[in-house]
Amino acid sequence: MQLSHSRIECFEKCPFKYKMRYLDGIKVIAPTDADNPLIIGTALHTGIEKGLEAAIQEYCFSFPIITDEHINEIMKLEAVVPMAAAMLPPGGAFEEPILTPDFIGFIDYLVPARTDQKLNGENQEIPDVYDLYDFKYSNNQKTYRHSPQLHLYKYFWEQQNPGK
């Protein structure tokens with residue numbers, strides 16, 4: 001069986017939910033609240049990768065009707081997406097897959113690491129060393145600070161890419 005961080009986290013929180021979701025294949029109707037973190041997070045990911053217009057389209061197409069509450073969330077995306085995208089170093093790959101026999105995952109952004117030393121005005125790339133990014137949209141920062149997700153991604157990405 002191929003595991004993922006989401007599956008492991010689900011099992012740790014509630015083995016019964018894991019059983020229903022991943023073994024029995026039971027699906028639930030997603031909440032359509034304007035501030036649904038999953039929908040906003042997906043839109044944020046899209047915006048960072050493809051631009052603000054794509055983020056807004058992703059967000060709006062997730063709802064049957066757009067209300068003032070949705071417009072408020074769109075305004076937040078208009079502020080957050082450009083700031084988040086501006087913080088990322090250039091030259092990386094979005095949605096880098098990790099596909100091993102034991103684990104599946106997707107690194108949100110993987111970019112070659114660079115030194116602080118400049119040559120011809122540019123920081124130099126460190127061979128075979130990468131910075132791994134995972135985007136989150138939530139007020140639950142404490143949970144993410146203690147999450148093993150980045151460690152799992154690092155471990156299995158290195159298994160898939162020996163020497164890097």
- Heavy-atom neighbours of D128 CG exceed 12 at 6.0 Å: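 Correct, the count exceeds 12.
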
For a quick test of reading the model, state the closest non-hydrogen atom pair linking [X] to [Y] and the distance between them.
| X | Y | value |
| --- | --- | --- |
| I74 | C60 | CD1-SG, 3.5 Å |
| P82 | E78 | CD-O, 3.2 Å |
| E73 | A34 | CG-O, 3.3 Å |
| Y153 | F106 | CE2-O, 3.4 Å |
| A84 | I48 | CB-CD1, 3.7 Å |
| A55 | V81 | CB-CG2, 4.2 Å |

Is it possible for you to say whether [X] and [Y] belong to one hydrophobic cluster, with membership spreading through side-chain heavy-atom contacts below 4.5 Å?
| X | Y | result |
| --- | --- | --- |
| Y18 | F103 | yes |
| Y155 | L110 | yes |
| I66 | M75 | yes |

For [Y], does its backbone N or O pair with a side-chain atom of [X] as donor and acceptor, under 3.5 Å?
| X | Y | answer |
| --- | --- | --- |
| Q160 | P97 | yes |
| Q2 | T100 | yes |
| Y109 | G92 | yes |
| H151 | P148 | no |
| N36 | L38 | yes |

What's the spacing between [X] [atom1] and [Y] [atom2] if we round to 0.5 Å?
| X | Y | atom1 | atom2 | result |
| --- | --- | --- | --- | --- |
| K50 | E58 | NZ | CD | 7.5 Å |
| D108 | L44 | CG | CG | 9.5 Å |
| L52 | Q57 | CG | CD | 11.5 Å |
| H5 | S147 | NE2 | OG | 3.5 Å |
| I26 | K19 | CD1 | NZ | 7.0 Å |

(request) Please lay out, stage by stage, how V111 and Y133 fare under the test side chain to side chain contact (heavy atoms under 4.5 Å, CB included). (result) CA-CA 8 Å; V111 63; Y133 291 80; 3.8 Å; yes

| query | Looking only at side chains, do K136 and Q149 share a donor and an acceptor under 3.5 Å apart? | reply |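 Yes, a side-chain donor-acceptor pair sits under 3.5 Å.
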
Taking side chain as C-beta onward, heavy atoms only, is [X] less than 4.5 Å from [Y]?
| X | Y | result |
| --- | --- | --- |
| I107 | I98 | yes |
| S6 | F11 | no |
| L152 | I8 | yes |
| W157 | Y130 | yes |
| L150 | L132 | yes |

CA sep, side-chain torsions, deciding dist, call: L3, D102, side chain to side chain contact (heavy atoms under 4.5 Å, CB included): CA-CA 6 Å; L3 294 176; D102 299 319; over 6 Å; no

- List the steps and the verdict of side chain to side chain contact (heavy atoms under 4.5 Å, CB included) for L77 and I40. CA-CA 8 Å; L77 285 169; I40 295 172; 4.2 Å; yes

- Please determine which of N123, I126, D131 meets the side-chain contact (heavy atoms from CB on, under 4.5 Å) test together with R114.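 Option passing the side-chain contact (heavy atoms from CB on, under 4.5 Å) with R114: N123.
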
Margin query: Tell me which pairs pass ring pair (Phe, Tyr, Trp, His ring centres under 6.0 Å) where either residue lies in residues 35-59, with sequence neighbours left out.
Written below: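 Passing the test, one end in residues 35-59: H45-F135, Y59-F63.
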
Going through the distances and angles, do E49 and E95 end up as a side chain to side chain contact (heavy atoms under 4.5 Å, CB included)? CA-CA 9 Å; E49 183 176 352; E95 296 298 318; 4.0 Å; yes

